[in-house]
Every structure is written in C-alpha cells, then in structure tokens.
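See below for the structure under consideration.
Worth saying up front: this structure is predicted, and the values here are computed from it rather than measured. Quick note: numbers below take in every heavy atom, side chains included, and nothing from hydrogens, waters or symmetry partners.
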Amino acid sequence: MRYRLFLPLLSTLSLLHLGTLTAQRTQMEIVRMMPDSASVSHPHDPDSIDPSALLRIDSLAKEGVHMGAYPGCQIFAFYRGEVIINKAYGSLEPLSESQAEPVSTQSIYDLASITKAVATTPALMLLVGEKKVNLDSPLLSYLPETKDTLLGMVTIRQLLLHQSGLPAGINFYRDLIDDTSYEGSLIRYKAFDGAVPLVGKTWGNPNFRFLEQYISDRATEEHSLHFGSKRYLSPTFKQRMMERLLTARISADKSYRYSDLNFLLLQQVIERITGKSLDQFVEKNIYRPLRAHLYFNPLEHGVSLHQIAPSQHDTFLRGEILRGTVDDETAACLGGVSGNAGLFGSAQELAKVCQLLLLHGAWGRKQIIPREAVRLFTETTDEAGIRFLGFDKPRSTGGPTGVYASDATYGHRGFTGTCFWVDPKYDLIFIFLSNRTYPTRQNKILIRERLRERLQDLVYEAIGVTTPR
C-alpha cells in the first residue's frame with residue numbers, strides 16, 4: 001500500500017523540516033492509494049533524499065539568475081506524496097531595476113502555453129467523459145459555420161495532437177491596426193530605422209494607429225475587454241478572428257505541426273457546448289473544487305500587481321510593461337481568455353492540477369474528471385509518438401524534457417519560460433516557472449542552456465534515477 005498526499009491546503013502552506021531533509025515540504029491531508037503497478041520501483045524514499053542533491057538544484061537555479069536567463073523563478077517538485085522542493089529564486093524584475101521585488105512561492109507568473117494543458121485540455125476531458133464530445137468527430141459537428149470549409153473536416157483528435165494542417169499561427173492583431181496609419185511594412189524580416197525587435201528575425205514598426213471600432217483608450221460599452229492596462233478591446237473582434245480561421249490555409253499534410261490555432265478552435269468547441277466562457281467553465285468545474293488559485297486576467301480577480309511577475313516590455317503592440325496582462329498577442333486579442341494562453345498562477349497552485357491528473361481525476365473522495373478520460377488523454381499518442389492528447393511528451397533524443405523522464409511523462413512548456421511535467425512511473429511532478437521574456441523576448445539563454453531540462457534532471461538524480469530513458 002502506498003501513500004500519496006492531497007493538496008487542498010497547498011495555498012496556505014505550513015512548512016516543516018522533515019528529518020535532515022532541508023527542502024521545505026507542505027502539510028497536506030494523506031490519501032491512501034493502491035499502487036498503480038507493482039512493477040514500478042522508487043529508487044529513494046522522500047525521507048532518504050540527500051540534502052546535497054537538493055543544493056545542486058539551488059545552485060543551478062541561482063546560476064540561471066546570475067547568467068541572465070531569467071530575473072527569477074519558482075521550482076516545485078512533488079515525489080511519492082511529498083513536496084521535496086518548493087522554492088523561489090531571484091527577483092520579479094532584473095536586479096538592475098530599482099526596487100526589484102524578490103520572488104516568493106506565492107508570486108504569480110504568466111503560464112503561457114501551459115494554458116493548453118491545464119485549462120483547455122482538462123475541460124475537454126470533462127466533455128469527452130460526459131460523452132458531449134467525440135474525439136473523432138469533425139469540427140462541423142460542433143461549429144456549424146465550418147461546414148463548407150476544409151476546416152470543418154478536421155477532427156477534435158487532430159486538433160489535440162497538432163495534426164490539423166493549420167499554420168503555426170495568424171497575426172490577428174494586424175486586423176486591429178489601421179493600415180493607412182504607417183509607412184512601408186508593419187513587419188519586416190530585417191532591421192530598419194525606428195523598428196523594434198519582435199520574435200526571431202523579425203522587426204515591427206511601432207508607429208501606427210489602432211482602428212477605433214476595435215481599440216479604445218478607455219473602457220466603453222463597445223470596448224469592454226482589456227487589451228492592455230491602457231487599452232480596451234471590442235468583444236466583436238472575436239468574430240473577426242473566427243472569419244480569419246475559416247479562411248486559413250489548411251495543408252493536406254496532417255503530420256505534426258504545432259499550432260496555437262488548434263487550441264483557439266478547441267476553445268470555441270468548449271464554449272459552444274457548455275454555453276460558458278472557457279475561464280468560467282474551468283474555474284467552476286476544475287479550479288474551484290481543487291481550491292486552486294489559477295486565473296485568467298488576474299488583476300480582475302483582486303490579485304495585487306506587485307504579486308505578478310512582468311512578462312515583457314512590449315514596445316511594439318501595446319507600448320507598456322505587461323504585468324498581469326497576457327503576454328501572448330493572440331490571447332490578448334480575445335481579451336486575455338484564450339484556449340492557447342492566458343492563464344496565470346504560481347507553481348504550488350499549478351501543482352494541484354498536476355496532482356489531479358496524476359491521480360486520474362480523483363481529489364479526495366470526489367472524482368472531478370472521469371478516470372478513463374484522464375487515462376485516455378495522457379496515454380494516447382500519435383503514430384509518431386510525439387504528443388499525447390493535449391500534452392507534450394519526451395522524445396527519443398532531445399525534446400522538451402530532461403533525459404531521465406520516463407516515456408509515460410506528460411506536460412507542457414510555455415513561451416514565457418515555464419514548464420510542468422507529470423511522470424506517473426516515478427510518481428513525480430516537476431514545475432518550473434520564470435519570466436525569461438522580461439524585459440525582452442530576445443532573451444533565449446534559458447532555451448540555449450536548456451536550464452529547464454537540466455533542473456528537471458537534477459530532481460531525478462535527487463530521487464535516485466540516474467539511467468536515461
């Protein structure tokens with residue numbers, strides 16, 4: 001018989017020192033669970049972890065701050081029912097900035113594409129479990145407006161696996177801009193006078209005006225959604241985005257190609273079936289039962305601005321430091337609630353959703369997500385073995401995880417410098433959150449140095465896993 005810990009009290013941490021282990025752990029209610037498989041071995045008990053192994057995690061996390069990979073970060077690891085690390089490093093802003101605030105375990109980060117895996121995907125698990133969605137049904141079954149388009153024949157399964165044939169993304173924000181308000185091109189692939197760097201080898205012209213029908217400098221009845229702290233968006237722009245999606249070029253090649261557009265469409269399916277916005281649906285059905293403090297548009301939920309890590313100094317589109325406003329432009333075009341990005345939270349709050357998944361949808365005595373639905377999504381891969389349904393996974397070489405994560409591991413990374421990974425084989429959850437994109441998205445040290453992956457490997461080494469998969 002194995003014991004696991006239940007996390008409803010995680011948001012009100014009471015930290016203990018257990019034995020000689022120096023890592024901070026959390027008092028939580030114990031839930032007795034039968035072992036998933038008698039063949040699964042755990043190299044170390046949590047109490048026997050060498051404190052020096054945890055110090056190596058501290059050292060690398062601090063090295064990331066010193067090398068400028070991120071201003072600060074949070075690391076959380078949960079192993080065999082014990083929180084073996086829940087720590088914060090660095091500051092919310094670079095130390096060179098005046099009054100830089102230190103990161104705490106309660107600090108909140110823009111989770112970016114983690115939203116796909118802990119909001120959109122669990123919502124679909126619920127709907128599949130309730131037989132309201134069929135993975136192999138085409139979009140036209142749920143979105144009738146796609147009936148006469150190639151998009152209408154794309155299935156829910158293909159969207160979850162990123163095998164829809166859709167392009168990686170669409171710059172929807174271009175339709176917010178008056179194309180007579182600037183000279184030359186809005187975006188170019190080489191630097192030019194007055195340009196600001198964007199993502200990759202692209203530069204943008206910031207000298208433009210927004211169309212008044214969509215963007216206003218003040219909140220009005222027609223402009224009720226936040227586009228930034230200084231600008232407001234018309235909800236009617238969502239229809240314009242759908243029009244663009246309906247006319248998007250769809251490739252006949254259905255091999256894997258990661259696309260944010262897949263999860264915009266899945267959001268529309270969820271909202272059409274439930275009659276609720278995505279944020280309302282997941283808050284009521286997933287986060288509230290877990291007492292998980294995860295938010296879209298956190299400032300609208302009473303979260304202090306100073307608790308939130310800034311994600312970017314946006315000198316192109318919104319002209320401000322993004323702090324509590326979603327970094328992702330596509331999500332911003334939907335008022336901060338999107339199937340691809342927009343969720344905010346801390347590592348210890350995100351961990352509650354991770355453990356819900358690890359426990360196959362069970363939380364205490366309540367089955368929040370049907371068990372078989374969780375197993376279906378977290379164990380079904382594409383033919384190439386690149387993705388689970390809604391989740392990323394390890395690759396045979398390289399890939400998004402460290403080398404010790406088992407093939408059963410599922411999770412997701414985020415553009416802002418975030419990731420979470422759930423490894424059922426070792427009963428392990430690993431979470432890393434940072435704002436590597438602040439002040440600039442050009443900062444790729446975290447990616448180049450593979451710090452997320454190396455930190456994850458150190459956690460595996462701490463529990464005694466030293467053989468690559």
Side-chain angles (χ1 to χ4, degrees), residues 1-2 4-8 31-40 78 81 114-139 141-142 155-163 262-263 266-267 269-270 272-274 276 278 281-290 292 339 350-383 385-394 406-412 420-429:
M1 191 72 66
R2 184 168 42 150
R4 287 178 177 166
L5 294 182
F6 182 50
L7 293 170
V31 176
R32 178 172 277 189
M33 300 290 295
M34 291 297 293
D36 293 330
S37 170
S39 64
V40 174
F78 180 81
I114 284 179
T115 304
K116 296 179 174 74
V118 299
T120 312
T121 296
L124 280 165
M125 287 180 183
L126 281 170
L127 297 179
V128 169
E130 295 169 357
K131 301 190 185 305
K132 293 179 180 177
V133 169
N134 185 316
L135 290 175
D136 296 310
S137 291
L139 263 180
S141 299
Y142 309 103
T155 67
I156 301 300
R157 186 186 299 271
Q158 287 174 321
L159 293 172
L160 284 164
L161 293 172
H162 294 280
Q163 294 181 330
N262 296 321
F263 279 73
L266 291 170
Q267 175 190 5
V269 171
I270 293 163
R272 199 72 59 89
I273 291 172
T274 65
K276 297 182 180 297
L278 176 63
F281 184 74
V282 294
E283 168 61 27
K284 177 182 178 181
N285 294 283
I286 298 173
Y287 305 152
R288 193 179 303 164
L290 304 183
L350 175 60
K352 298 176 184 180
V353 180
C354 295
Q355 199 194 14
L356 177 70
L357 297 171
L358 184 63
L359 297 178
H360 296 132
W363 195 253
R365 297 178 180 178
K366 186 175 181 180
Q367 193 72 35
I368 292 176
I369 304 174
R371 177 182 179 87
E372 289 309 309
V374 178
R375 295 195 65 175
L376 175 67
F377 276 67
T378 59
E379 296 177 10
T380 302
T381 68
D382 58 346
E383 290 183 4
I386 295 175
R387 307 284 293 201
F388 290 118
L389 293 171
F391 298 97
D392 206 348
K393 66 183 298 294
S406 78
D407 287 331
T409 301
Y410 55 88
H412 217 287
F420 81 92
W421 298 103
V422 178
D423 191 336
K425 178 178 179 180
Y426 296 111
D427 203 0
L428 177 67
I429 294 167

Applying side chain to side chain contact (heavy atoms under 4.5 Å, CB included), name anything that partners D407, two or more places apart in sequence or on another chain. R469
Taking ring-ring contact (aromatic ring centres under 6.0 Å, His included) as the definition, give me every residue that meets it alongside F420, ordered by chain and number, with sequence neighbours left out. none
Straight-line distance of I273 CD1 to S141 OG, nearest 0.5 Å: 9.5 Å
Just to verify, what does D423 make a salt bridge (Lys or Arg N to Asp or Glu O under 4.0 Å) with, not counting sequence neighbours? none
Rounded to the nearest 0.5 Å, how far apart are CD of Q267 and CG of N262? 13.0 Å
Can you tell whether the side chains of R157 and D136 come within less than 4.0 Å, N to carboxylate O? yes
G339 to L278 - nearest heavy-atom pair and separation: CA-CD2, 3.8 Å
Sequence-distant partners of K393, salt bridge (Lys or Arg N to Asp or Glu O under 4.0 Å), two or more places apart: none
Evaluate the criterion side-chain contact (heavy atoms from CB on, under 4.5 Å) for residue pair I386 and T381; output intermediate values, then yes/no. CA-CA 7 Å; I386 295 175; T381 68; over 6 Å; no
Scan residues 115-130 for pairs that pass salt bridge (charged side-chain N to carboxylate O under 4.0 Å, His left out), counting only residues two or more places apart or in two chains. K116-D260, E130-K132
Side chains of V282 and T120: does their closest heavy-atom pair fall under 4.5 Å? no
Contact check, side chains of N134 and I156, non-hydrogen atoms, under 4.5 Å: no
What residues, two or more places apart in sequence or in another chain, satisfy salt bridge (Lys or Arg N to Asp or Glu O under 4.0 Å) together with K284? none
Output the distance between atom CD1 (I114) and atom SG (C354), rounded to the nearest 0.5 Å. 8.0 Å
Exercise: identify the closest heavy-atom pair between G361 and V374: N-CG2, 3.8 Å
Heavy-atom closest pair (P424 atom, L358 atom, distance to 0.1 Å) is CA-CD1, 3.9 Å
Spatial distance of atom CG (L159) from atom CG (L389) [nearest 0.5 Å]: 11.0 Å
The single option from V128, L126, L376 that satisfies side-chain contact (heavy atoms from CB on, under 4.5 Å) with P370 is L126
Report yes if the side chains of Y142 and V133 come closer than 4.5 Å at any heavy-atom pair, otherwise no. yes
Holding to ring-ring contact (aromatic ring centres under 6.0 Å, His included), I want the full list of residues that pass it with F263, two or more places apart in sequence or in another chain. H162
Is there a side-chain contact (heavy atoms from CB on, under 4.5 Å) between N285 and I368 once you walk through the steps? CA-CA 8 Å; N285 294 283; I368 292 176; over 6 Å; no
Rounding to 0.5 Å, atoms NZ (K352) and CG (L357) come to a distance of 14.5 Å
Partner residues of T274 under the side chain to side chain contact (heavy atoms under 4.5 Å, CB included) criterion, sequence neighbours left out: L127, I270, K276, F281
Between P122 and I369, which heavy-atom pair has the shortest distance, and what is it? CB-CD1, 4.2 Å
For R375, give me all partners under side chain to side chain contact (heavy atoms under 4.5 Å, CB included), at least two apart in sequence or on another chain. H360, R371, E372, E379
Calculate, to the nearest 0.5 Å, the distance between atoms CG and CD belonging to L356 and Q367 respectively. 8.5 Å
May I ask you to test the L160-L266 pair for a side-chain heavy-atom distance under 4.5 Å? yes
Can you tell me if T409 uses its side chain to pair, donor with acceptor, with the backbone of S406 under 3.5 Å? yes
What's the shortest heavy-atom distance between Y287 and V353, and which atoms? CE2-CG2, 4.0 Å
Considering residues at least two apart in sequence or located in another chain, which fulfil the side-chain hydrogen bond (donor to acceptor under 3.5 Å, both in side chains) criterion with Q163? none
Sequence neighbours left out, what passes ring-ring contact (aromatic ring centres under 6.0 Å, His included) with F391? Give chain and number order. Y410
Give the minimum heavy-atom separation between F377 and L135, together with the two atoms involved. CZ-CD2, 4.0 Å
